[in-house]
Structure formats: C-alpha cells, structure tokens
Amino acid sequence: MSEHILLRHRDIPNIKDLAVYQAHGGFEAFRKAVTEMQPDEVTDEVKKSGLRGRGGAGFPTGLKWAFMDKRNWPHYVIANGDESEPGTFKDREIMEENSFQFLEGVAIASYAVGARRAYIYLRGEFWHVARWLDQKIAEMEAVGLLGDNLFGTDYSLRIYTHLGAGAYICGEETALMESLEGKRGQPRLRPPFPPTYGLYGKPTVINNVETLTNVPMIIARGADWYHTLGTEKSPGVKIFSLSGRVNRPGNYELPLGTTFRELIYEHGGGIIGGKKIKAIMPAGASSSLLPATDEVLDTPMDYESVPKVGGMLGSASVIVLDETVSIAWLVKKTVNFFREESCGKCTPCREGTYWMERLTERIASGKGTPQDVETLYDVGRQIQGKTFCPLGDFATMAVVTGIERFREDFDAAIKER
Amino acid sequence: MADSVTLTIDGQQITVPAGLTVVDAARRAGIEIPVFCYHPKMEPVGMCRMCLAEIGRPMRDRATGDFLREEDGSIKIQWGRKLETACTARVMEGMVVRTTTEKVTAARKSVLEFLLTSHPLDCPICDKGGECSLQNLTVAYGPAVSRFYYEDKAHAPKDVPLGDLIILDRERCIKCARCIRFQEEIVDDPVLTFYQRGHHTDITTFSDPPFDSYWSGNTTDICPVGALTTVDFRFGARPWEMRPAASICTLCPVGCNITFDVRREAAAGGKMVVKRVLPRQNEEVNEIWICDKGRFAGYHFAESKDRLTQPLVRKDGVLTPVSWEEALEAAARGLEAARGHFLALASGRLSNEDLFNLARLTDALGGVKALDAFMAGGDLTAQFGLGEGSNLADLGKGDTIVVVASDLEEEAPLWWLRVKQASERGAMLIVANPRFTKTERYADVALRYRYGREAEIVLGLADEGCSCGGEAVKAVAEANRLVVFYGQEGMSLPASRALAQAAAHLLVKTGHAGKVGSGMAGVWPRANAQGAWDMGFRPQDDLAAAFRSAKAVLIAGADPAGDDPALAAALDEAGFVVVQELFLTETARKADVVFPVLAYTERSGTYTNGELRVQRFYPAVLPPQGLLADFTVAAKLGKRLGIALEANSPAAIMRQIAEAVPHYAGVTYEKLAEVHEQYPLIRRTDLYYGGTAYANVQGLGVALKPTAREAVPEVEAPAVSGPLQADLLAVPVTRLYDRGALVGRSGTLQPRLPSGAFVVLHPDEAARRGLSDGVQAVLQIPAGAYAVTVRLSPQAPEGVVLVPRSVGVPAREIAGCELRVKREE
Amino acid sequence: MSSLAEKYPDEVEAILAKYPPEHKRSAVMPLLYLAQRDGGGYITKAAMEDVAHIVGISVSDVAGVVGFYSLYHDKPAGKYRIQVCTDVACALRGAEQFAEALCENLGIKIGETTPDGLVTVEEAKCLAACDHAPVFQVQTPDGLTYHQDMDIKATLELIEQWRKEAK
Ligand SMILES: Cc1cc2nc3c(=O)[nH]c(=O)nc-3n(C[C@H](O)[C@H](O)[C@H](O)COP(=O)(O)O)c2cc1C
Ligand code: SF4
Ligand code: FES
C-alpha cells in the first residue's frame, strides 16, 4: 500500500500535533466545506463517494445524512467510538494517532447536517482517549477551528466527548443515545431511526469513528478520487483489525476487496508456528465461522463478497483460528461474551444467552451429550430473528455456524468425557 | 389521517380506530395475541417478544400512491423478513396480520420456553396461581417438557420486601418492566428500577422509604406473574377460593370502583372475610387503578374487634347494653320531646339512602339537618358540577383545568392521576396553591397566593385585568371545557364557601356554566359529601352553638367530640344525644343512646361521587347479627314517631329519592347496575392483558344532570377578605396517610402512617425559631396546646406551619399560632 | 456528607456545561465517575442521592445506571483493579493462562482482592487491544490505564511499585 488514507500517522510522524496536521493540509477540507460549500453539497459529495458505514452495518453514509429531518431542530452528530466488538481495535488507533483527521470528519459531518453540537461517545475503557481528545478539542478551540462563527461565517460548532462505562450494547446506536442521555444503555424501538428521532428525540447522525475519518479526504480530494480505491460497489479503504493465531496481529489499512489470504499471509505474516489455518471470523465475535478453505481465503473482503461465502464484512475484525483451536471452546468464549453483554431487555437474548452459556460450558468441559449439542443448536435458532436488537442474533452466529460447519469439534468435546 | 382503518387479522376483516396497536385491534376482533410486557394503559416497549406475529403491509406505487395489485386483483402485500411485535406495530389501512401460522406458534413457544428456563415453577405456592399469565399462556402455548437442566437454574431471593407493602419474588420476575413503567409513566414516582443487566437484571427501589408511592399496589395487579405481591394478601388465599363482591371505595370523593375478594374462614369462626381489594374497571372514574389507601385501608375497620355489637342506653350515668326495642324506645322518647329543637348531624360517610331517611325523619321533627364538614359548596356543585356526559378522560387540547387550594394527589389520588393525564394529552392546567404540590409538575401555569386569598385568585381568572397572568385568563376564557377542582388546603367553612362561589362565578362568567364537560368539583374529604348536600344536609357555621341550643341531637357517621375538644364540650350541653356508630367513639361515649350499625361492606347502598356520579355498592360479607343499617335505624325510629320510612329496601328508598330530589329523577338501582363495553377490554379471562383488575359487570353508575344545564343561575362573586395577618399561621392541610378513624385501623398500612402529630415548616422559618428537623415542639393554636414533631420541607411557605389533619392536632381552620421547642420537664 | 457540588464546584459545573441545560440528566455518567473517585473506588447510596439531586432525577434512576455499567462499582475492592482481557481474541494469544498465573502469584482467585487490599484481579471483556495480548487495564478511583503486551514479571513489578507508593 502506497499511501495511508486513515492511518496517516504511519506515513507522517506526529500528525497528531496540530501544526503537523495543518502543515499536511489539515482542516482545509473543513474550511472549504464551511466557506465554499452548501451543507447539502457536502452531503452529496459523500453520497457520491460511495462511502459506507464502517461500524458494522455498512449503510451508505451520505444517504444517512440526507435522511435528516429538516423540519425538526436542533440536529446532532454523534461519533460512535464505543468500539467493543471483540477483535476490533481500529478506532482507538485512529483517535490516538490521527486524532485531528477524525475530529475534522466530525466537524464536516456536523456542518453537512447543520449540527452545532457533536458528541464523541467513547467506551468507558477509553479513559485516556477521552482525555486526549479533550485536549485536542481545546487546541482546536484555541485556534478558532471550533467555537462560534467559524471561518467568519455564522456557523458555530462545539464537540464534546462522553465516556461510557463498560457496556458493549452501547455501541448499538440507540442504546448509545440512551446512555448519552444518562440512562441505562438499552436499545430503543426502531423505527423511528436516529435521523428522525435521535439524541434527545432530535434528528441525529451517528457514524463510526472510521467512517468519519474518511470524510476529510473525500471532501479534500473529491468523490471521484475515492472511487479509485477499493471495488466498484465497495469503494475506498478499510482498516482490518487482524487478531488471533497470526504472527503479526494489528491494524492494516487496505483497499476494500483485498483477499483474506493477502491479509493473513502477506500482512499478518501467516499462522503462529506455521500451523494450519482452520477458520476465520471476519467480523469479530459476532461473525459466522468461515472454514478456511481456498475459496474463502481467496474471497475479496468487501460488502458484497463476504456474504457469498456465508459471512459478513461487519467491522472487518478478522480473528484467525488455527488447527489448535477447538470450535466447542471458541463458541463457549463468544457465548460467554454475549451473555455478559446482553442488556437484558428482551427475553430471547437475556434467557437464551444464559441457556447457551450453560450448554456450551457443559459441552466444552466434556460433560455434554449429543443431545446437548442438538439443544444448543435449537436454542441458537430459536433466538434468531426474535430479539429486540441485533445483539441477540450476533450471539448465535458462532454457535449455529460452528455446529453446522464444525460438528466434529463438538463430537470430540463430548467424547472426551 | 382517517379516524378508522380496516385491516385483516387471521382472515377476519375489521375496522378499528386509527392509532391502535395490532394487539389491541386483534382483541376487538376477539383474537387474542398473548403479551407480557405490553399493557394497554402504557406505551408499548416490545421487550418480552411474546406477541410476535406475521405482519404484512400493502405495497403502493411510489408515483401514484395507489395500492399495487396481484394478478387476482388483491392488494400486494409486503411481508417482513422477520416476525414483528404486534404490540408495537400500529394498524394501517390494508394491513394483513397472521397470528396462527406455524412460524408464529413456534415463536410463542420459544419465548415461553425461554421465560420458563429462569422461572422457579413454584405455582403450587404462588399467590398468583390461578390468575397468572405465565401459567395460563404456558398451558396454551408452552412446551410440555423442559429441555433446560434443572440444576442450571439460576436462583434468587424469593422474599424481598420492596417497602412495607409490596414483596418481590426475584425468581418469578420475568423482567417485563411493567411495574417500573407504571411507576414512571403512569404515576410519575420513578422509584423502581432495574439493577444490573442481562441475566442478572433485578427489580429494586432506592427511594426512602422504599417503594415510596401511593400507587404501589397497582403494580401487583399488572405484574403478569407472582413476582409482586401485597403483604396483606401474600399466602392469604388461592384466587379460586374467593368470591368477588362489587363495591365503591369510601375514602375520598372519587368513588373508585373496587371489588372485595372474600372467603369463608375457619380462623374467623366460619365468617366471610375480605381477603383483598382489587380495582374494578370504570373508565369514567378510576380506569383500572386504585390508590394504596383504598387498597390497604378501606375495609379493615369493619373487621376490627372493637366494633359495637349491641345497642347501649345510658342508665345511671353508665352506657349499658340493652335490646333494640329498649334502645329504640328510649331514643324515640328523647327525640319526641325535642320536636322543633332537634338537630341531626350526619356526614358524607353515610349512603344516600341513610341520609334520605334521616333527612325525612329530621324534617318531620322540625329539626336542623347539619353536615359534619369543614368544606362547603355542595349546593353549587349540584348546579355547576360535572355530571352527565363529562369524563375527565376526554379532556385534552383546548380544555382547561384549574386546581385551586388542593394538594390533589394527597386529597383525591385518582383525580390527581386523571388531571395529570389530561395535561399530558394537552389540556391546559392551572394550579393555584400557596406551596408546591406534585400536581404542579404538569402545570402550564402555577399561581401562588397567600393563604386566605384563594377565592380572590379564582375571581382573578375571570378578569382580564388580573395580575395572575394573561395566559391563564385567556386559557380559562377560551377553553372548550373548563373544569375547576377546589380543595382542602387551608380550608375552613367560610373560606371554602367563598372559594366555591368564586369557582361557580368563574364558570358562569366565562360561559362554561351548564355546558357538558365543564364544571366544578369539590375535593371533599368524604366519599358521599355530594349525596349529603343533595339530601339536604348543610354545614353549620357554629356547630357548637347549634349543639348547645338543641334539645336533642342525633349523630350518624361523625365523631365531632373526637375531632374537636370545643365540640366535645358543646355536646355535653346538648339535651339528649343519640349516636349511630360502628365504634364507641368519643361522641358515642357522651350519648344517651348508641345504635350499633352495619359497615358498608355488610350492606348495600349508593354514594354520589364528586363528579356527580351515583354508584352502587353491594354487600361483601354477611351482616353480623344484631346490627342494622343506618337507614333502617332511622326508619325504626320513624315508626315509633309516626313517620313512615322504608326500612328494608335501599332500592325502594332510591325510588323515593328520585321523586323527591329533582336532579336524581330517573335514577334506579337497575340503571345503576347497567354496563357497556369499555376500552381497553379488561376481562378476567385474559389476565395477561390488563392484569387482575376486575371487569365491571355490576354497574357503571349514573351521572346526574347538574341543574344549571336547564337554566344557569347567577352567582354573586363572594366578598373576599384580605389575607390573614399573623406572625406565624397554622394551616390545616390534608395528607393521604393520616390517622383518621377508619384508616388508623388498617394493620397493613400501619407502617406507612404517621406515628403521631407532626407539623411541617420551611427550613428557614425553622432556623429563625431555633427549631430543627425531628425536634419535639409545642404548637399553641386556639383549640389548645399540642405536642408535635417538627419536620422540615422547603415546600412549606415561610411564615406558615402546615398542620396535617387527623394526625392528632384538631386544627379546624387557619389561625395564628405559636410553635416552640418542648422543654424537658 | 458534603455534596459533590460543594466539594468540586468547578468540575461539576464543567460536566454540566457539556450538555444542553434542559438535558441535565446526561451528566449522570460523568458525575458518577466523580462520585466514584470521591468515594475511593465505589459509589454509595448517599452519593447516588447526591447525583440524583444535582441532575434532578430519582435515586432509583441513578442506581439503575450504576447497576447497568461494569465500570461503576457499588462495593469496595482493592485500590487497583487489574482487569485482564480474557476475551476471544486475547484468549487465542494466551490471556487466560496469563490471568491464571497472575492470580497464582498473588495467591488469590479471579474476583478476589489481595489481603493488603491493594489489588483485585478481575476478568474483562475485549478491551480493543487484541493485537497487544496479554493486556489489562487498571482501574483506580482516579481512572483507567492500559498495560499492553504484558508478562507476569512486568506485572508483578508494577504491583510492587504500587505497594511501595502505598506506604
Ligand atoms: C450490538 C451492536 C454493537 C455495535 N457496536 C458498535 C461499535 O462498537 N461501534 C460502532 O461504530 N458501531 C457499532 N454498532 C453499529 C451501530 O449501531 C451503528 O450502526 C453505527 O455506529 C453506524 O455508523 P456507520 O454507519 O458509520 O457504520 C453496533 C451495533 C450493534 C447492534
Ligand atoms: S416484577 Fe413483575 S411487572 Fe415487574 S418486571 Fe418483573 S415480572 Fe414484570
Ligand atoms: S440486547 Fe438486544 S436483544 Fe438483547
């Protein structure tokens, strides 16, 4: 990869300093947007770029902005920095190392939708990130990049950080808003969607940190330039968080459409100890388990291709499993995560994750029976499609695909007893 | 938007009001979609997932807006990928709903199976057994065997008091949040919460005292399982052993419809015993709610050991048990001798039938019909009251409500609730009170005045030049419907009379008098104050003097001697005293003859509530031997005095009332027992939907027609006196939880009742006087000196001591006072 | 007990200033962090009442928030809470063994506190540092710090240093 778009600190040391960032064209896009473009033009440019949400669902960003209800004010922008999906660690690197590009993205998005207040919601564990961003925001205010009458126009903007306190569900956009409103982080009924009814019941754009970090470059260089990256339907670059049994785990910014094989073997340095790769979780703990066949390894990682092999691109947190890993054990780990993080609002998720946890523990510890595996599979299927928010479905993905695709691991776990 | 929409549910086409949820629409078509978290009185939340259904919406041509059609001409339907919660989906023209498909049945079964994994399945010892939604729905849809390992079941404490009245069984709770939402959404006491999350989610309260709300009992009705139970009913009886008896709560002028559940008990010597009180649906009165006072304190007095069981006659200075014959004879002789100098004192505790007979008796003796009350205006409410065609639930945008001199939640909880809801629907709410009250949270305009100036404030609302703010005056003048509640805050008889006149004047002057839906209502302390006025009883400006000058006094349903030392002294000077009572009260102790009478749970009759609705109550338990109803006592006395009165049939008395009292014309017991369909459809066969509130099959009552509907009389604006001048004013106020004669006998509510006399002061006022919270003090008022505990509240105005009624200090009216620290002798 | 608003007027004001005045409730979470700091690592009922008072909601509503989030505590524990990520991605890189070994060295079990009250070891869910396993965060009354690419030796040294500081 020649040039980083998002992880630019890897090319430009100290880009987290305001002077360095500005020396490399920083905040010119924001200035251009505010002084030379109408808000809708900004939205149109983002729409044209084909940028899709990097938080998991992949919803077209410009379209989301265009949905904002213009009869109801004020508008808000929220940057989703909750980053809690196991296996995901890209937003943290962006915010820590390329902070101003992210903040500029928040600012441009705010201008585009007419928001005068933007919040950055950070998972509670990102205590230091909050401190850091507060400092960066203060620096921007000091030089007039935030505050009243920006660039001599009547546009004013303030950005605030808000720390969560340890709850995965708060990454879900409506739970996040509840949390930001000082309530328990439980998801809201949708529709209405945030562009109609968001923070404080007002129209709100909520985007992932990485999504927003793309925006300054799109405005600076244009939507056409962005289309030169990635694939036709999935333009642009994506940060892949690579983890698990690889030699070089870490974030890799690559064009969408890069294959799993290239990510794992070229960038990630292959499997630890030269072992055989067994399976891939392409989207963190909430992914389906993809058997690491050649077909899968050669699948381009983009929004269209991954579903064709039975997965989702999601947040592109690629967890690699090798032959030493028992899927029965793995499923126990993912289920334990979702049981712990279920908000408890809806029955199938609250009770189903608990039941699955009991069963996966039984099976993984060698106390299970074949009937337990059947029951586990049924329980997973019974949860699917019935929960209030997607978390419930997430909890079943590894379970159901694990049993369907790696049944032998479960049989082996049971035999051990 | 159209007012109604037509949709198809399970092949059945129905037309329902727009805006309904699919669950509610289905019920109207007789199709039951099971729910747990949904409750027809609360906003849907879609949490429990029990109501999943297949919901299809008609497809429209984007350009023309027309329906797209299949080849056979039917409208093309877009079906969702997933099942939808029917409780959160709103009906839509052309919608198609399926609730009987395999997919839906499987989903219901799944959700139930999930719920049961955490449930203790302890139905045999559960108070809700037999009226539990989880139990019923499991029978209907649930799995026959459990695939969940019993040893995997999570255990939780089963006996967690959520305060003095409600107990939580954590294992049974299914986390539907109905209780939390009720407290937050309906009654705005957000004292319950979920603690923890996920599978650990628990119900808890952090308020002080715990579960601090006047409404807590309702959560046990709407809890779909046996997680929440009341302390009084817990392990008390199985639902199927009890027989329901329809009644009316008698503790305030709202007249909530209730049901007594009774059972014959060995422990009570084979007698019928009231086991619990549940609300009975009357959407025009109390919907499906009652307050905790009504639920926990409404009937215990009738069961208390100190009930009178025999007539008493004073012999050689001592009250001695005698036969009815002897007592009646003695009383009749005494009354006969006092012809022309007789006074009957009754209260709004008596039924219309009692009051009517007593009024006829008194008239025949040429006596005075006195009402035991510190509030006036019943004559005006008969003219300008709400009555026929009015329903507080109809109030909304364009309507205006004035609440003056009332801490409404304390004085008449259900009215408070209905006013709050009207305000939430958009009605303009004007709250005028010298201090902040909970009602003010919803007020569009809050007016403060100094005690004594309440009538003036109300008159001001009729006057464009008033200082109380143009917004309020405009809202009153332009209201579609105008409703005025005038209450008990700081009231004395003259002040209340002026206030009532001011309210009537306001209605007349703004053109609302006689209009359906508009009117005034006195927030009286008694259930049947209106009935007492209607039967001709009137409060006396100087009751003590009236006692002194009477040659004979008959007192029924009142205890003036117990309430006020001055009246006790006056009564001593009355010639001959007859008392009808349940207990040997202070007044009864002074009597020459005492008749023991039946409690309202033991007989039938009617009350007229503050909205002019006449309602019937029925006997719940068998009458104890040897006791008579008040109206029978009057009739038996009448017989001896040559006055023909109906002794046996209250229905017959009502026929006489209908003839004698103009605005009761046409009221009959049959009419009072009529019902019609009420929405939401609360029925005992579908407990999961509305809860355990009873359906109303015994009668919704009859709303009277206020006389101003025929011709609007002029009402003079009252002469208003200036504010009371005193360094420190003692102001009588009403608290829901007092130690009144009836409530004080409730064991259940005991821990929530004040333990003794107290007064409330502003912290700054207290500081100035060297008083602090909790200190023992002496309150000097005209009636005497009283030991009180001082409590501080920033909501008390300065220069004022709030003196709660019926907790030990007989403050009958506002007066200057002194308050000083009690010196230890 | 004096209230947070009296003890830390500037901080409370700065927190409230972040949110629209009509949505004070939003300040609950940052105020709870402040209360937790003030309370030495956990939040008492009195502190909840205080926060409720500042933002104008019921204590029960505040408690509901405390109970929901894993970084608020309603009971005291060690001064340093070592929260080791043992979630999927880290577990694939030896995090479970690390946590176990750490506990063994400290002579406690997961969830327990060392007898001197210095350290509590807890398991945490993914900390967004999967490429730096073993990783843990240390929660103290004052906040959180990340410690990445750790081993037992470095961890024990860290604890030793805390122990010295505590004296
Ligand atoms: C259970 C759950 C957890 C989520 N966690 C995150 C998260 O940590 N970060 C994030 O950006 N989006 C997360 N999302 C997705 C958000 O709801 C939302 O779609 C996203 O923030 C939108 O931003 P985007 O359009 O830029 O992707 C989560 C969704 C669900 C259902
Ligand atoms: S206690 Fe009852 S009403 Fe409350 S959440 Fe539990 S099941 Fe629902
Ligand atoms: S947390 Fe969303 S369904 Fe349970």
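When heavy atoms are compared at a cutoff of 4.5 Å, B:Lys103 does not approach chain A at all. Interface remark: B:Glu84 contributes no atoms to any contact with chain A (heavy atom separation under 4.5 Å). For chain A, no part of B:Phe36 is nearby; none of its heavy atoms comes within less than 4.5 Å. Interface remark: B:Thr201 contributes side-chain atoms only to the contact with chain A (heavy atom separation under 4.5 Å). B:Glu43 does not touch chain A: none of its heavy atoms, backbone or side chain, sits under 4.5 Å away. Heavy atoms closer than 4.5 Å to chain A are found in the side chain of B:Leu52, but not in its backbone.
Relative ring orientation between B:Phe114 and A:Trp355 is described as perpendicular, the plane-to-plane angle rising above 60° on a 0-90° scale split at 30° and 60°.
In this structure, the separation between CZ on A:Arg184 and OH on B:Tyr195 is 10.0 Å, given to the nearest 0.5 Å. For the atom pair NE2 (B:His200) and OG (A:Ser342), the distance works out to 10.5 Å, reported to the nearest 0.5 Å. The line from NZ of A:Lys386 to OG1 of B:Thr85 is 13.5 Å long, rounded to the nearest 0.5 Å. One finds the SG atom of A:Cys346 at 14.5 Å from the CE atom of B:Met50 (value rounded to the nearest 0.5 Å).
Other residues, nucleotides and ligands contribute at most 12 non-hydrogen atoms within 6.0 Å of the CE atom of B:Met92. Around the CE atom of A:Met312, the shell of radius 6.0 Å holds no more than 12 heavy atoms that belong to other residues, nucleotides or ligands.
Between A:Asp372 and B:Arg147, no side-chain nitrogen of the basic residue sits less than 4.0 Å from a carboxylate oxygen of the acidic one, so the salt-bridge criterion is not met.
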Please step through side-chain contact (heavy atoms from CB on, under 4.5 Å) for the pair B:Phe194 and A:Lys345, ending with a clear verdict.
-> CA-CA 10 Å; B:Phe194 278 138; A:Lys345 182 165 182 163; over 6 Å; no
In sequence, state the C-alpha distance, the side-chain angles, and the governing distance for B:Ser118 and A:Glu351, and then conclude on side-chain contact (heavy atoms from CB on, under 4.5 Å).
-> CA-CA 7 Å; B:Ser118 283; A:Glu351 305 299 331; 2.4 Å; yes
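For the pair B:Arg49 and A:Phe388, the cation does not sit on the ring face, since its NZ or CZ is not both under 6.0 Å from the ring centre and inside 45° of the axis.
Of residues 375-385 of chain A, those residues lying under 4.5 Å from chain B by any heavy-atom pair are A:Thr375, A:Asp378, A:Val379, A:Gln382, A:Ile383, A:Gly385.
Using a distance-only test at 3.5 Å, with no hydrogens or angles considered, a donor-acceptor pair links the side chain of A:Thr347 to the main chain of B:Cys48.
Here A:Arg358 is the residue among A:Gln371, A:Arg188, A:Arg358, A:Glu340 with the most heavy-atom pairs under 4.5 Å with chain B. Top candidate by heavy-atom pairs under 4.5 Å with chain A, chosen from B:Glu113, B:Gln196, B:Lys109, is B:Glu113.
In terms of heavy-atom proximity, B:Arg197 sits nearest to A:Ala167 at NH1-CB, 3.5 Å. Nearest heavy-atom pair, B:Lys82 versus A:Asp393, reported as atom, atom and distance to 0.1 Å: NZ-OD2, 3.4 Å.
In this structure, the side chains of A:Gln186 and B:Val45 stay at 4.5 Å or more apart for every pair of heavy atoms.
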